[in-house]
Amino acid sequence: MMTGTQSPDLRRQSLAAIKRRSLLCFAIPGVILAYLVYVFFAFEVRDTLEDVKLDNAAILVGDSYSYKTEVSHNNRSGHYVVAIEGEKKGRYAPSAHPAWVAIDGENADIDLTDGYRVIIRDREVTFTIPGYGQIVALPTRRGVEVDLPDGPLPSWINLSKTRLNVKTPNGRISVTKAKTTIFRYFFGWELFWFTLDSPYNGLGITELVSLALSNERNENGQTHALAIFLDFWFNPMWRHGEVAWALVETVLMAFLGTIGAACLALPLGFLSARNFAPSLIGRFGLRRLFDFLRGVDGLIWTVILSRAFGPGPMTGALAILITDTGTFGKMFSEALENVDDKQIEGLKSTGASPVSQNRFGVIPQITPVLLSQILYYLESNTRSATIIGAIVGGGIGLLLTQAIITQKDWEEVTYYIILIVVMVFIMDSLSGWLRRRLIKGESTAP
Amino acid sequence: MAGSSFDFLSGTMATASYRSDYIRLTHLRRLYSGVLFLVLVLLFFGGFYTADSRNAGGFFDGLDSFFDFPAEVLGEAWSEIDGLPTLLWHYLPSLLETVNIAAVATLIGAIIGLLLSLFSTRGLAFWPRGIPLFRRSMDIMRAVPEIVIALVLIFIMGAGPIPAMIAIAIHTSGALGKLFSEVNENCDMKPVDGLASVGASWGQRMWFGVFPQVVQNYFSYALLRFEINIRASAILGFVGAGGIGYDLRNTISWGKGRYDDATAIFILLFLTIVLVDQLSSVLRNRV
């Protein structure tokens, strides 16, 4: 019960406490805001935002779901080449051009649908655009002579003395004195299943299935099922086989690193736990070793190891192993320090040997904790293995960085990103499932 | 257990059957564990040989030369030990950038994660039917590795700290969002119900009913995340996102003659990580 003399004092105290609290409530957001303002200037946010290349973003997004087929005409030799993405691997044979391209010697008639049409006669290019008119361009020795319909120049036409660029929703053309190129865009990923040189390109799924199930053999004496698989697996544009190996390498790095670290850390954990350590000095040394292994950080280990072991998945696995030995060693020894002594004493009272004491008194207590930590790290190391792979040169991380650095095949980048996310999701759910089975299931299972 | 208590009532027959049952089950369980263990061992060694054969240098050759590179680096650094303080000073701004990337990413990630966690906790959600949506979006944010987002953003924005910051912040929002929502699920609903009964708005219920209960746990999770993010920000620098990782790549790839720089960076990074590690454990213990 409060007395009359105490209450004003208490009231003053609590008012002061409330005031301090509310001051703190304003101070913390203030400090955060001040920090953000500082970072805004330190990171040069405004300059960066001005430098944002939206064109690049547009290319990236456009490429991720569509591809282009190029029809190019060499204005000197008069030759035509029709190729998907302009790549050699996607080039159509001269006898088998797609239906929308009609080539007759030096002349060509290219249908870009909806009335958009390009006709080339002896180098002279006529581009018909519905609702605008006809653009006629003639490549000459000195440049390009262009004849446009009357009126102001629309923004989608880019014109100089040596070059004409026209962008329309149905396609794009570019004319220079050396070369005329017409681009038509299609939805999807080009030649994802088979390249043009494969006999299975362009077949429907039902045809493929019936071929695969038939007993017929192709000219090389392979069954169709095998040939279909080989053509897909060794697709030179998408390299599905290599990509699959890269994914395996990435998962392997995470698996080897995590399990190896756990195997090393378990005995070390016993040696550095307060209640099991044989010597205090050894315990202290091990503790500092764990701190050192964790403190040096995966990045530095990766750099050091790639000098000794060369690029590849083994290097990445070792980098994960070394870093995580430190982490696991610390965690395991903490888990061991928290074990309940009663079970060990019980076993001791029955005359069990020290090995049996640990096997039946300690291991069952720490197994759930250890397993859930190991599985959690396995999952998170799958993500780390992607980035470590980019540094050590192995796995899907390497393919991803290479594809991004070439800045050309964004559909491949998209493909890799999707695969990475699927891989991480699978590892996530696998580890979650195992955790539930092994840890919660243990009490109910036999 | 059950066997021994029934022992007195139903005689030795029942005990024997319990006993044999128990032993049979134990053996079965040992068998399962043994098979599982064997599979794991086989996978491990199979994986080891696969990885070894796909590596440029072999494992056992590498072991011999393991210390060559550190020795070379340290040797060179030792011969120019006088310059080390200058170099440490020289790389301090880059280190600061790395730490700043991590700090801002943790801050922004924590704020977004907080909102996401409130939106995805049963009983607290502003729009309960959106819970699966917010949960899935957190899963996706967690699943996409930081390097993917960072590299794409570097292509669009150019090299610098901001792509790394955004990439780490996205991952952090997903990771912290999940942890925060686990904290929220354990919080006492009575204050929230009380506030609701006096007509408090959703924001008021969260601010006065939930936050006082959870803020300490939030804080320690955010600190742990900050530690992880410093490592992430250093490693992202190595692939072109600025900060000390970027400097490290330059000094390493220039080869001989710059190893004293590399040593300075190693020391700075090591000290920072150890410092933050210690600081965060002290702070977490105080909370």
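Every chain is numbered from 1 and lettered A, B, ... according to where its sequence line falls, protein lines coming before strand lines.
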Among [options], who wins on heavy-atom pairs under 4.5 Å with chain A?
| options | value |
| --- | --- |
| Asn100(B), Leu153(B), Ile273(B) | Asn100(B) |
| Ile101(B), Ile265(B), Val274(B) | Ile101(B) |
| Val148(B), Val239(B), Ile162(B), Val144(B) | Ile162(B) |

What part of [X] gets within 4.5 angstrom of chain A, counting heavy atoms only: side chain, backbone, both, or neither?
| X | value |
| --- | --- |
| Phe238(B) | side chain |
| Leu43(B) | both |
| Ile235(B) | both |
| Glu97(B) | both |
| Arg24(B) | neither |
| Asp277(B) | side chain |

How about [X] and [Y]: do any of their side-chain heavy atoms sit closer than 4.5 Å?
| X | Y | answer |
| --- | --- | --- |
| Arg225(B) | Tyr221(B) | no |
| Ser306(A) | Thr315(A) | yes |
| Leu54(A) | Val52(A) | yes |
| Pro313(A) | Asn55(B) | yes |
| Ile420(A) | Thr250(A) | no |

**Study point:** Thr98(B) side chain vs Ile244(B) backbone, donor-acceptor pair below 3.5 Å
**Key:** yes
Exercise for review: Give the minimum heavy-atom separation between Arg46(A) and Phe40(A), together with the two atoms involved.
Suggested key: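 Heavy atoms of Arg46(A) and Phe40(A) come nearest at N-CZ, 4.5 Å.
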Part of [X] within contact of chain B (heavy atom distance under 4.5 Å):
| X | answer |
| --- | --- |
| Leu36(A) | side chain |
| Leu252(A) | side chain |
| Asp297(A) | both |
| Val422(A) | neither |
| Ile405(A) | neither |

Review point. Looking only at side chains, do Arg231(B) and Thr323(A) share a donor and an acceptor under 3.5 Å apart?
Key: no
Review point. Distance only, no hydrogens: is a donor on one side chain within 3.5 Å (strictly under) of an acceptor on the other, for Asn229(B) and Thr172(B)?
Key: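 Yes, because at least one side-chain N or O of Asn229(B) sits under 3.5 Å from a partner of the opposite role on Thr172(B).
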If you count heavy-atom pairs under 4.5 Å between each of [options] and chain B, which one has the most?
| options | value |
| --- | --- |
| Ala57(A), Ala317(A), Ala390(A) | Ala57(A) |
| Thr401(A), Val39(A), Val424(A), Leu256(A) | Leu256(A) |
| Tyr38(A), Tyr416(A), Tyr35(A) | Tyr35(A) |
| Ile391(A), Ile388(A), Val296(A) | Ile391(A) |
| Ala42(A), Gly260(A), Gly316(A), Ala308(A) | Ala308(A) |
| Met427(A), Glu44(A), Lys53(A) | Lys53(A) |

Review point. Should the ring pair Trp410(A) and Phe155(B) be called parallel, tilted or perpendicular, given that the plane angle runs from 0 to 90° and is split at 30 and 60?
Key: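 Because their plane-to-plane angle lies in the 30° to 60° range, the rings of Trp410(A) and Phe155(B) count as tilted.
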Point to revise | Distance, nearest 0.5 Å, that separates CD of Glu242(A) from CD1 of Ile396(A) | key: 11.0 Å
Practice item. Can you measure from OH (Tyr377(A)) to CD1 (Ile259(A)) and round to the nearest 0.5 angstrom? Key: 14.5 Å
